[in-house]
Visitor: 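Take this structure, written in structure tokens, and hold onto it; I'll ask about it next.
Just the heavy atoms: all of them, side chains too, but no hydrogens, waters or symmetry mates, feed the values below. Counting starts at 1 for both ligands and their atoms, in listed order.
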Amino acid sequence: MQESAIQPVHRSGLEVLKCRICAAVTEAGPYHVCEECFGPLEVEYELESLRGVLTREKIERRPSDVWRYRELLPTAGEPTRGIGVGWTPLLPAPRLGRALGIDDLWIKVDSSNHPTQSFKDRVVAVALQRAGEFGIDVVGCASTGNLANSVAAQAATAGLSAWIFIPEDLEPEKIVATGVHGVRLVRIRGVYDDVNRLCAEVADRFSWGIVNVNLRAYYSEGSKTMGFEIAEQLGWSLPANVIAPMAGGSLITKLRKSFAELVTVGLVPAAAEPRCFGAQAAGCDPIVAAVLDGAARITPLRSPRTIARSLAIGNPADGIFALATMRETGGWGASASDGEIVEGIRLLATLEGVFTETAGGVTVAAAAKLAAEGRLARSGPTVICVTGNGLKTAEAARSTFELGEPVEPRLAEVERLAGSV
Ligand SMILES: *Cc1c(COP(=O)(O)O)cnc(C)c1O
Ligand SMILES: [Zn+2]
């Protein structure tokens, strides 16, 4: 039994926590590291018992949010938090596909997620639901921005106190979109990894639920809903390729897990495992560098330098698992310079009408490189995960167009602009 001030609850026995390093199993309590080896814990379900019980029809009858997949998420009962989160559009992207040379291209548009326009709404929904089941009433996070927004908003919905820790240099939009919810916002002099280290100490000192620290095993399960939705929206089938941005490296590993679970439960036919591709900014690409170098481990980066601040994690918690995910699925990685990120934002906005934050620019730029290198499986759908909204990093897109001088409200001015005089 691990010691914790927070009381565990038991559910139907469907889930346990399993160490990702030594495979030791423990009950699904508020723990995040293995007692045997200090490795990270991951939720495991008794999936076989869901075969033929959790059916497509049952899921399709449920409301359109993350909880339509509740049996595949760590929750004990009727979810009361994270209502309306998820179920974002999966759009065909033929114009971008032609530009990048990718047939059957799709975009998963998490830039429209409720309530804070990023994929982090998914992980927070699950973490806060679980926090409630553990009787935790103060939550928090270490954030590069989007997580701060989502914990703040969803803590407000749930009536929880929240302590949000961020690096001092975050984009102003992300600071405002956090503070507006009436939380304790603490700016730290340092980079994200300093914030994260502090939060590990905070989680130990107080009985708070820091969603990406001591609730991380549950938080990260929320990412699977993106993969579940992609498969359901493709008519209950798996894509051939999926391209995801990597910060801590969790999302990409959970996309793989989501596809594998759907096959095990029998919701999609067994097929070739989707190739998982990871995208990072060139100014902070420790996971991509390891893939390209054939390295066995991740070399942490001390001072990230990129406009993609939401991905600027120099010491990624799930780096080695992301690396294994890319390698074992036949995927690969690619990184994007600041200029390429802005061009990715511009391409997506001008060809598909989707305005993404810098992280999406990273993913589009990486997709272009991976396609040019011939890394993508040729037949079957390719899905690009657009994980954040352009209005949160508006300044980055400012150089994509020219803003002319204001003109007088006269037809002659428009005729002059249109070149028709
Ligand atoms: C957090 C985040 C990611 C990736 O998160 P992981 O830590 O790799 O799971 C991707 N895109 C955006 C916009 C994010 O905020
Ligand atoms: Zn272990």
Visitor: Are there any protein N/O/S atoms under 2.8 Å from the Zn ion (ligand 2), and if so, which?
Guide: C19 SG, C22 SG, C34 SG, C37 SG
Visitor: Name the residue from V126, I210, I136 that meets the side-chain contact (heavy atoms from CB on, under 4.5 Å) definition with L215.
Guide: I136
Visitor: Determine whether a donor-acceptor pair (N or O, by modelled atom type, separation under 3.5 Å) exists between the side chain of E261 and the backbone of R256.
Guide: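 No, the answer is negative, given that no donor and acceptor are paired below the 3.5 Å cut-off.
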Visitor: May I ask you to check whether F165 and Y192 place their ring centers less than 6.0 Å from one another?
Guide: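 Between F165 and Y192, the centre distance exceeds or equals 6.0 Å.
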Visitor: Between the side chain of R95 and the main-chain N/O of E352, is any donor-acceptor distance below 3.5 Å?
Guide: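 Side chain of R95 to backbone of E352: no pair is present.
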Visitor: Quick check: does any side chain N or O of D110 sit under 3.5 Å from a backbone N or O of V386, one acting as donor and the other as acceptor?
Guide: no
Visitor: At a 4.0 angstrom heavy-atom cut-off, what protein residues surround ligand 1?
Guide: F119, K120, N146, P245, M246, A247, G248, G249, S250, L251, S310, L311, E357, A359, T387
Visitor: Establish, from distance only, whether the side-chain atoms of T88 and N113 form a donor-acceptor pair under 3.5 Å.
Guide: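 Note: T88 and N113 side chains miss the donor-acceptor criterion.
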Visitor: Going by the rule salt bridge (Lys or Arg N to Asp or Glu O under 4.0 Å), which residues pair with E402 if we only count those two or more places apart in sequence or in a different chain?
Guide: none
Visitor: Please list all pairs meeting side chain to side chain donor-acceptor pair (under 3.5 Å) that have one or both residues in residues 287-301, counting only residues at least two apart or in different chains.
Guide: none
Visitor: About how many Å separate CH2 of W87 and CD of E232, when rounded to the nearest 0.5 Å?
Guide: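 The CD atom of E232 sits 3.5 Å away from the CH2 atom of W87.
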